Student: 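Input: one structure, supplied below.
We use all heavy atoms of the structure for the numbers below, so side chains are in, but hydrogens, waters and symmetry mates are not. Bear in mind the structure is a predicted one, so any value in this text is a computation, not a measurement.
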Amino acid sequence: MAKLFTHRLRVRYSECDQQGVVFNGHYLFYYDVALTELWRKVIGDYASTVEGGADLVVA
């Protein structure tokens, strides 16, 4: 079994409705933050990735 990765993210008041439920539009942002932190932990920061000859492109 692979190691479990955990990144805690505090939900801010402005990201919730009056019942305290997170607006569904924010989940993609949370995913992006978690993916960035996983990349940083496993591979390293973005600058070192580019220095190593690899780059990430969104097309």
Side-chain angles (χ1 to χ4, degrees):
M1 183 175 200
K3 287 177 65 175
L4 181 65
F5 172 76
T6 303
H7 176 72
R8 297 198 181 271
L9 179 70
R10 184 182 300 267
V11 176
R12 296 170 290 202
Y13 177 79
S14 64
E15 298 167 342
C16 298
D17 62 15
Q18 292 298 315
Q19 295 177 332
V21 177
V22 176
F23 289 119
N24 61 2
H26 292 289
Y27 285 107
L28 188 58
F29 169 74
Y30 298 155
Y31 172 77
D32 182 56
V33 170
L35 185 61
T36 300
E37 294 303 324
L38 176 63
W39 181 286
R40 185 174 288 141
K41 182 175 176 89
V42 174
I43 298 173
D45 66 340
Y46 184 72
S48 64
T49 303
V50 172
E51 289 172 3
D55 198 357
L56 182 64
V57 178
V58 177

Student: Which pair of non-hydrogen atoms, one from Thr49 and one from Gly44, has the smallest distance, and what is that distance?
Tutor: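 Closest pair (atom of Thr49, atom of Gly44, distance): OG1-O, 4.3 Å.
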Student: Return yes when atom OH of Tyr31 has more than 12 non-hydrogen atoms of other residues, nucleotides or ligands closer than 6.0 Å, and no otherwise.
Tutor: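 Open: at most 12 neighbouring heavy atoms sit under 6.0 Å from OH of Tyr31.
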Student: Looking at every heavy atom in both Tyr13 and Gln18, which two are closest together, and how far apart are they?
Tutor: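 Minimum heavy-atom contact is OH-NE2, 4.2 Å.
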Student: Is there a donor in the side chain of Glu15 and an acceptor in the side chain of Tyr27, or the other way round, less than 3.5 Å apart?
Tutor: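 Side-chain D/A pair, Glu15 to Tyr27: absent.
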Student: Distance from Asp17 atom CG to Asn24 atom CG, nearest 0.5 Å?
Tutor: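 So the CG of Asp17 and the CG of Asn24 are separated by 10.0 Å.
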Student: With a 4.5 Å limit on heavy-atom distance, are the side chains of Leu38 and His7 in contact?
Tutor: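 They are not in contact (no side-chain heavy atoms under 4.5 Å apart), so the answer is no.
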Student: Going only through I, L, V, M, F, W and Y residues with side-chain contacts under 4.5 Å, is there a path from Trp39 to Leu35?
Tutor: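 Trp39 does not cluster with Leu35.
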Student: Using a 4.5 Å cut-off on heavy atoms from C-beta on, say whether the side chain of Cys16 contacts that of Val11.
Tutor: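 They are in contact (side-chain heavy atoms under 4.5 Å apart), so the answer is yes.
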Student: In Å and rounded to the nearest 0.5 Å, what is the CG to CD distance from Asp45 to Glu51?
Tutor: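 Rounded to the nearest 0.5 Å, the CG-CD separation comes out at 7.5 Å.
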Student: For the hydrophobic clusters of this structure (ILVMFWY residues joined by side-chain heavy atoms under 4.5 Å, transitively), does one cluster hold both Val22 and Phe29?
Tutor: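 Same cluster.
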Student: Determine whether Lys3 and Phe5 make a side-chain contact, defined as any pair of heavy atoms from C-beta on separated by less than 4.5 Å.
Tutor: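 Not in contact.
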